[in-house]
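From a predicted model like this one, the values you see are computed outputs, not experimental measurements.
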Amino acid sequence: AIQKELGESDDQQEVEELRRKIEAAGMSEEAKKEAYRELGRLAKMPPAAADYHVTRTFLEWLISLPWNKISDLKVDLKKAKEVLDAEHYDLEKIKERILDYLAVMQLKPQIKGPILCFAGPPGVGKTSLGKSIAHALDRKFVRMSLGGTHDEAEIRGHRRTYIGALPGQIIQGIRRAETRDPVFMLDEVDKIGRDFRGDPSSALLEVLDPEQNSHFRDNYLDVQFDLSRVLFICTANVLDTVPPPLLDRMEVLELQGYTEEEKIEIAFRHLIPKQTEEHGVKSPEQIDFTREAISYVIRHYTREAGVRNLEREVATLVRKQARKLAEGSTQKLLVEPANIPEFLGVPRFRLETEIVDRTRQPGVAIGLAWTPTGGDILFVEANVMKGGKNFTMTGHVGQVMQESMQAALAWVRAHAKEFGIDPDFFQSNDLHVHVPAGAIPKDGPSAGVTMVTTIVSALTHRPIRERLAMTGEITLSGQVLPVGGIKEKLLAAHRAGVREIILPAENEPNAVEDLSAELRQELKLHYVKTIQQALDLALEKEPVTAAAQKARRDAALTPAGAGPPN
């Protein structure tokens, strides 16, 4: 009672302690004014009051934020380049962009952090690249996964009037980092939800705008906090689902995938050392991989743009040796193409032989498709039969692809005479266009050239040249229009064993910019402006007779190593 009268009670000491912390926190003027106002309220409140702990928690949040703590950073471009090269193979464009940013930071340390967005299929190294950037910058790394986030309070926080209110994940991440300029990764920005609770992507607009985020106001704190020094990095598999206003605030850097040679390098530099260490197997004393073995795994067991499945298969091979060692064996395992099926089972893909076997007949062409997990090849088949005026489209194709088929048929009917086709063929024949793998939905605007080629091939009995694929949209006047996803499509074609590709002429800059010199040497690219040019390149000169077609069918059906069919 005496201490209370003298103003020396525990409550009073607590208030004074909070006052000292507020002075030392280095807050902005607005935040300091709000903190002292709340401290005044706290001093007059009995500890048993309902608002006492709410106010105290609010003050502790204000005090704990790094208002003026910035990394003591001396930019070392040489070290940053070494870190990026050591932790990631290839990705030259991304590394160049990061080194450009660091060079500017060296000249002007107060630069606002850019908003980078890494877009690409799974397994190409988007998240790990963010960690490498933090390592190269010597900054703290904070990661927030946005997948499935559907409450905007996750971003902006709850107002203090709610029970159990907290600041949003942005402010929580800054507090965990204990510095005002961390590398902040927003993972899966294309998978943000939206429902009656709000739209988190709209709440991110202020956070990811370099002109606005210096005045970011969290609902819980209700004071401005400067986010302009934070280096925000977003990742996304597909950009279509990111709202345009949000996408407009980001600088998109695309990671399309890796060639076979790049995957082999990544396996030897990163995947094999990581998996052998994790499984307690010494490399190369107890297990060793040949380049041919990794190439065999890539071609016959994984069909992806990234390297995640390749890492799983490598881990399986290492586990097989780990089990042998645990059972007492001392023999070293040399992984070669000959012994891989023993460990991984029957090869899952046989694309090299598939593209040759299936395109022996007239009316079968190889198209190229873009998917969120990288590129893929697409077989398109056409058949002509007696009937009249029926045009059937099958293979689970979407509205856009069906319209491409209709446009292709219209162009072929309009130019039938030029190919020696009876202009009235549609009066007495039915046409069926099929895109196999019917259980998989297929849609997109890049199949027009493939459709025309397939229909002309079926009607003229001229097969399509071996190991040739194509992509491009068409107009009714016969123009070939450019399409997107060129690098992903070309990588998929290369994986499948395609050697020649027909592309729209306007896509030439994309191919030159995105492809490595090595890939450009292995693939022969033809650029076309009209459908006529595409057909001249794609179709063999002479039609195949019925007897020759039967011989081709028999050859395709005969198992390898077997004699001719009875």
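With hydrogens and angles left out, the side-chain atoms of Glu473 and Ser404 include a donor and acceptor closer than 3.5 Å. Asn213 and Lys112 share no side-chain donor-acceptor pair at under 3.5 Å. Side-chain contact check for Asp226 and Ser214: no donor-acceptor pair (N or O, by modelled atom type) lies under 3.5 Å. Judged by distance alone, the side chains of Lys191 and Thr149 never bring a donor and an acceptor atom under 3.5 Å apart.
Partners of Asp288 according to the salt bridge (charged side-chain N to carboxylate O under 4.0 Å, His left out) rule, which considers only residues two or more places apart in sequence or in another chain, are Lys332.
Electrostatic pairing of Glu265 and Arg291 counts as a salt bridge here, judged by a charged N lying under 4.0 Å from a carboxylate O. We find that Glu466 and Arg360 are not joined by a salt bridge, their nearest charged nitrogen and carboxylate oxygen being 4.0 Å or further apart. Under a 4.0 Å N-O distance rule, the pair Glu260/Arg299 qualifies as a salt bridge. The existence of a salt bridge linking Lys140 and Asp181 is excluded, since no basic side-chain nitrogen approaches an acidic carboxylate oxygen closer than 4.0 Å. Electrostatic pairing of Arg312 and Glu304 does not count as a salt bridge here, judged by no charged N lying under 4.0 Å from a carboxylate O. Using a 4.0 Å cut-off between a side-chain N of Lys or Arg and a carboxylate O of Asp or Glu, Asp514 and Lys93 qualify as a salt bridge. Ion pairing between Glu285 and Lys282 fails under the 4.0 Å rule for side-chain N and carboxylate O. The existence of a salt bridge linking Glu251 and Arg97 is confirmed by a sub-4.0 Å separation between a basic side-chain nitrogen and an acidic carboxylate oxygen. Between Glu206 and Arg156 a salt bridge is recorded (basic side-chain N to carboxylate O distance below 4.0 Å).
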- Task: Go through the steps to decide whether Thr179 and Lys69 satisfy the test side-chain hydrogen bond (donor to acceptor under 3.5 Å, both in side chains), and finish with yes or no.
- Result: CA-CA 5 Å; Thr179 173; Lys69 291 179 187 171; over 6 Å; no
- Item | Phe232 vs Phe184, ring pair (Phe, Tyr, Trp, His ring centres under 6.0 Å): CA-CA, chis, key distance, verdict | CA-CA 5 Å; Phe232 284 104; Phe184 203 119; 5.6 Å; yes
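Applying the side-chain contact (heavy atoms from CB on, under 4.5 Å) test between Met185 and each of Val142, Thr235, Ile133 identifies Thr235 as the sole match. When the options Val435, Val364, Thr394, Val433 are evaluated for a side-chain contact (heavy atoms from CB on, under 4.5 Å) with Glu381, the one that passes is Val364.
The CG atom of Leu537 lies 13.0 Å from the CD1 atom of Ile501; values are rounded to the nearest 0.5 Å.
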